[in-house]
Amino acid sequence: MTGNSLFREELRGVRTVVVKTGSRILTAAGHEARVERLATDLSVLRKSGVRVVLVSSGAIAHGMKALGLSKRPTEIPMQQACAGIGQNRLMAIYQEHFAEHDTLIGQVLLTWDDLRSKKRYLNLRNTLFKLLDCGAIPIVNENDSVSVEEICFGNNDTLAAQIAMLVNADVLVNLTDVGGLYDKNPHTEKDAKHIPIVSAVVAGIQRMVSEKKSEISVGGMSTKLKAAEMVTRAGIPALIGDGFNQRLLTVLKDEASATLFLPSDKKIPSRQRWIAFTGQPAGSVTVDAGASKVIAEKGKSLLAAGITAVSGRFNAGDMVSVVNPRGDVIAKGLINFSADEVDAIRGCKTAEIEKKLGAIRFNEVILRDNMIVLQ
Ligand code: GLU
């Protein structure tokens, strides 16, 4: 079987897939058969030449089971203890099922810190690519046992979207317990109508989803939609589908089992994705009304002449926010000068920069190619 025949029409030509699976799929009654099917289907994809990354929840849920807890603990240390106990149980189950197909797997545990630093982001990308080159399926989860609030993703939908952008996936598949998007809650309304394709995730769609609280997992349709919105803006299609009652290969092919979110026409190029969706600004520069207008409306580079104020401690190469006179963040970008240097040259014409700094390394403070304008 070739990779192409495994996908629905719109996804023909897919070479790299990121699949995310939620805790219920992996731990609710009947989970043994679901995990076995998932390992089989991922192995079929892999053997057909498609590169596969699995983002798997379930560490905390498996830890809860081992400790006899029926409700997800609210205190962080207890969640961390559950994750510590559950993560290796989860991997042991995967190891057993993937071994039946001679499929290699590799565990990758992450916190936000690993992605927010550009150096670690690129390093992680190398690791994932190398695992894929070795023919293995990387199995990614949040490193919950060390994650604290400031560095935690909070849910694996966001993590999966980040991984899809990082490996330049051709589709993000989010497996949950419903077949994607419906006009009403399909668990409670019999006449709920399935939506097979969404061309843009707009506010109206976000409002359509009602949240169903779960005792074992976090996230919900709303975080799945946010993840779909993020990757489609980056030019990657997303599928949200039923991995509970259906198998992955059905979700990939059958329109009734999933909703397909089409990529945006104005896609953010891969080199700007880290700036747009991942990196954390180390400071900010405030610009005057004129600079604000040419950046927002014409997508021009930022020059020293338009800068009125600097805040934060940053070095050349760091990411900063660009703020308009009203205090709104209008753009984010990689800056060519340190905070002290920008402070020295703010308001200056390009010709004066050399006098102030002794040399001109760059004419622009932020190059347009290294900047992303936020709508
Ligand atoms: N990382 C969590 C776990 O493995 C799950 C987060 C989520 O369900 O989105 O339990």
Side-chain angles (χ1 to χ4, degrees), residues 18-28 31 34-35 38-39 42 53-95 97 105-115 124 137-166 172-178 209 211-231 238-244 277:
V18 172
V19 176
K20 184 256 166 177
T21 177
S23 298
R24 268 200 82 219
I25 293 176
L26 303 169
T27 49
H31 62 91
R34 280 193 298 274
V35 177
L38 183 64
L42 290 170
V53 180
L54 176 64
V55 176
S56 177
S57 303
I60 294 179
H62 271 289
M64 284 163 54
K65 259 192 173 182
L67 291 169
L69 305 174
S70 56
K71 276 197 180 140
R72 193 180 166 95
T74 45
E75 337 78 84
I76 302 268
M78 196 58 194
Q79 285 180 15
Q80 292 176 321
C82 285
I85 293 168
Q87 178 64 27
N88 55 321
R89 291 187 166 224
L90 179 66
M91 289 309 288
I93 296 168
Y94 279 131
Q95 181 58 43
H97 290 293
I105 55 173
Q107 172 179 264
V108 179
L109 298 178
L110 301 170
T111 67
W112 250 126
D113 265 4
D114 299 312
L115 300 182
L124 170 64
I137 297 184
I139 301 187
V140 181
N141 194 0
E142 177 152 16
N143 195 356
D144 296 293
S145 51
V146 300
S147 244
V148 285
E149 212 164 337
E150 315 78 71
I151 56 165
C152 116
F153 294 95
N155 65 75
N156 275 3
D157 298 318
T158 312
L159 174 59
Q162 290 289 343
I163 296 295
M165 293 189 287
L166 180 77
L172 167 65
V173 183
N174 201 330
L175 298 178
T176 180
D177 56 4
V178 285
V209 303
E211 283 307 346
K212 180 173 61 100
K213 284 254 180 286
S214 161
E215 307 266 86
I216 55 167
S217 55
V218 289
M221 195 45 93
S222 153
T223 57
K224 287 172 185 51
L225 279 181
K226 282 195 189 118
E229 181 182 9
M230 203 190 299
V231 298
L239 274 178
I240 298 179
D242 183 357
F244 197 85
F277 301 113

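All ligand and atom numbering here is 1-based and tracks the order in the structure. This one's a predicted model, so the numbers in the text were calculated from it and none came from an experiment.
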Heteroatom proximity flag, Ile60 to ligand 1, N/O under 3.5 Å: yes
Note, Lys20 side chain near Ser57 side chain (heavy atom, < 4.5 Å): yes
Atoms in ligand 1 flagged as close to Gly58, the criterion being non-hydrogen separation under 4.0 Å: 3 (C), 4 (O), 10 (O)
Contact (N/O only, under 3.5 Å) between Glu142 and ligand 1: no
contact_flag Gly22 ligand 1 heavy-atom lt 4.0 Å: no
Side chain to side chain, Val108 and Leu124, heavy atoms closer than 4.5 Å: yes
N or O pair under 3.5 Å between Lys20 and ligand 1: no
Contact (N/O only, under 3.5 Å) between Asn155 and ligand 1: no
Heavy-atom check, side chain of Val178 versus side chain of Met221, under 4.5 Å: yes
Contact check, side chains of Lys226 and Thr158, non-hydrogen atoms, under 4.5 Å: no
pair Leu38-Tyr94: side-chain heavy atoms closer than 4.5 Å: yes
Only pairs under 3.5 Å count here: list side-chain donor-acceptor contacts from residues 78-91, not counting sequence neighbours, and write none if there are none.
residue : atom : partner : partner atom : Å
Gln79   : NE2  : Pro73   : O            : 3.0
Gln80   : NE2  : Ser147  : O            : 2.9
Gln87   : OE1  : Asn141  : ND2          : 3.0
Gln87   : NE2  : Gln107  : OE1          : 3.0

Part of Asn156 within contact of ligand 1 (heavy atoms, under 4.0 Å): both
